[in-house]
> 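My questions all concern the structure below.
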Amino acid sequence: DPSGAQPFRAGHVLFSYDGVLENFEEVFLRPLREGLSDVQYRSLRGSSAEELLFATWLDALEDDGADAMATALEKMVERVNGLAQEAGVAASFAVVVSDGRWLVTLRTAPLGPPPPLYTIVAEDGAPLPVTGRVVASEPLFPGAWSSLDPHSLVIFTVESDEA
């Protein structure tokens, strides 16, 4: 069943999460589910952290575009971090969201280092179109990968030759 597999999709938006929500079922599962709108609650097909974070992010998403996606990520992290702090457990995030025009990444953790995120703009010989951008949790092929800074939110855009 692909419904529980990443990236998660809603319309033209994709969402992928890597990280740790320590003691997920005991600390995060019920409060995050109970905080969802009826629409997002009914959309859940499983009980994974990834799917629940996606639904939480969708509830926080108020508009289209990069700024709205970034703001929704910040709200999602704020909600989860509040629960983590109350329970004294770890939460970490490496999140990538895209609407096909914008790619928004967030890499953070309130305690300790966040999960890695790397990026590269492809060159000749890469297994994707030249100048294609890749964001991944680890380098996937040889090239000049760079690590996204810890505790960062980065917005990438698709450059177009259209007027």
Side-chain angles (χ1 to χ4, degrees), residues 4-37 40-41 43-44 46-121 132-141 143-158:
Q6 295 191 67
F8 291 101
R9 179 176 168 243
H12 61 281
V13 176
L14 296 174
F15 176 101
S16 181
Y17 164 79
D18 183 28
V20 172
L21 298 180
E22 186 179 5
N23 298 331
F24 171 71
E25 291 181 355
E26 295 83 7
V27 174
F28 300 99
L29 181 60
R30 175 174 258 162
L32 289 177
R33 283 182 76 103
E34 289 175 351
L36 292 175
S37 67
Q40 291 309 320
Y41 188 87
S43 75
L44 295 175
S47 59
S48 71
E50 297 83 0
E51 184 182 18
L52 192 50
L53 289 175
F54 178 51
T56 302
W57 177 77
L58 283 173
D59 265 349
L61 187 63
E62 296 178 357
D63 203 353
D64 292 329
D67 289 341
M69 291 190 296
T71 299
L73 282 176
E74 290 171 336
K75 288 178 181 178
M76 178 198 74
V77 167
E78 182 178 305
R79 171 84 170 111
V80 173
N81 280 345
L83 294 170
Q85 289 174 355
E86 286 176 22
V89 298
S92 62
F93 305 87
V95 184
V96 179
V97 295
S98 179
D99 65 0
R101 183 171 175 212
W102 303 97
L103 186 85
V104 181
T105 65
L106 178 120
R107 183 176 177 231
T108 193
L111 302 171
L117 275 178
Y118 296 90
T119 188
I120 190 172
V121 175
R133 174 162 308 270
V134 176
V135 175
S137 60
E138 60 187 59
L140 301 172
F141 51 85
W145 290 85
S146 60
S147 176
L148 296 177
D149 290 337
H151 313 294
S152 66
L153 190 146
V154 180
I155 298 172
F156 300 100
T157 185
V158 175

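Keep in mind that the numbers below use all heavy atoms, side chains included, and drop hydrogens, waters and symmetry copies.
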> Could you tell me whether the side chain of Val13 reaches within less than 4.5 Å of the side chain of Asp64, counting heavy atoms only?
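A side-chain contact is absent here, since even the closest heavy-atom pair is not under 4.5 Å.
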> Is the count of non-hydrogen atoms from other residues, nucleotides or ligands lying under 6.0 Å from Glu25 atom CD greater than 12?
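Atom CD in Glu25 is not packed in, count stays at 12 or less.
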> Rounded to the nearest 0.5 Å, how far does CG of Leu106 lie from CG of Leu148?
10.0 Å
> Is the side chain of Arg33 donor-acceptor paired with the backbone N or O of Gly35 at a distance under 3.5 Å, no angle test?
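No; judged by distance alone, with no hydrogens or angles, the pair does not exist.
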> Any donor and acceptor pair, going by atom type alone, linking the side chain of Asp59 with main-chain N or O of Ser37 inside 3.5 Å?
yes
> Which heavy atom of Gly11 sits nearest a heavy atom of Arg9, and at what distance?
O-NE, 2.9 Å
> Tell me which pairs pass ring-ring contact (aromatic ring centres under 6.0 Å, His included) where either residue lies in residues 65-118, with sequence neighbours left out.
none
> Heavy atoms only: give me the nearest Met69-Val104 pair and the separation to one decimal.
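That closest heavy-atom pairing would be CE-CG2, 3.7 Å.
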> When you compare the side chain of Val134 with that of Leu140, does any pair of heavy atoms fall below 4.5 Å?
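Side-chain contact under 4.5 Å: yes.
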> For Ala144 and Ile120, which heavy atoms make the closest approach, and how far apart are they?
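Closest approach of Ala144 to Ile120: N-CD1, 3.5 Å.
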> Please evaluate residues Leu58 and Phe15 with respect to the criterion side chain to side chain contact (heavy atoms under 4.5 Å, CB included), reporting the C-alpha separation (whole Å), side-chain torsions for both, the decisive distance (0.1 Å), and the verdict.
CA-CA 10 Å; Leu58 283 173; Phe15 176 101; over 6 Å; no
> Taking Ser92 for the side chain and Val20 for the main chain, is one N or O donor matched with an acceptor at less than 3.5 Å?
yes
> Measuring from Leu73:CG to Leu61:CG, what's the distance to the nearest 0.5 Å?
9.0 Å
> From Asp149 CG over to Thr105 OG1, what is the distance, rounded to the nearest 0.5 angstrom?
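Going from the CG atom of Asp149 to the OG1 atom of Thr105 covers 10.0 Å.
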> Roughly how far apart are Leu14 CG and Leu103 CG, rounded to 0.5 Å?
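It is 10.0 Å, given to the nearest 0.5 Å.
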> The test is side chain to side chain contact (heavy atoms under 4.5 Å, CB included); show your working for Trp57 and Val97 and say whether it passes.
CA-CA 10 Å; Trp57 177 77; Val97 295; 4.0 Å; yes
> Atom CZ of residue position Phe141 - does it have more than 12 heavy atoms of other residues, nucleotides or ligands inside 6.0 Å?
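More than 12 within 6.0 Å, yes.
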> Any chance CZ of Arg133 has more than 12 other-residue heavy atoms, nucleotides or ligands included, within less than 6.0 Å?
yes
> In Å and rounded to the nearest 0.5 Å, what is the CG to CG distance from Leu29 to Leu21?
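Leu29 atom CG to Leu21 atom CG measures 10.5 Å (nearest 0.5 Å).
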> Examine distances only and state if a side-chain atom of Arg107 and a backbone atom of Pro115 form a donor-acceptor pair shorter than 3.5 Å.
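Such a contact is found between Arg107 side chain and Pro115 backbone.
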> Do His151 and Pro114 have side chains that get closer than 4.5 Å, going by heavy atoms?
yes
> Measuring from Leu32:CG to Met76:CE, what's the distance to the nearest 0.5 Å?
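Atom-to-atom, Leu32:CG and Met76:CE are 9.5 Å apart.
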> Quick one: which residue pairs count as a side chain to side chain donor-acceptor pair (under 3.5 Å) with a foot in residues 66-87, not counting sequence neighbours?
Glu62-Lys75
> For Val80 versus Ala91, what's the shortest heavy-atom pair and its separation?
CG1-CB, 4.2 Å
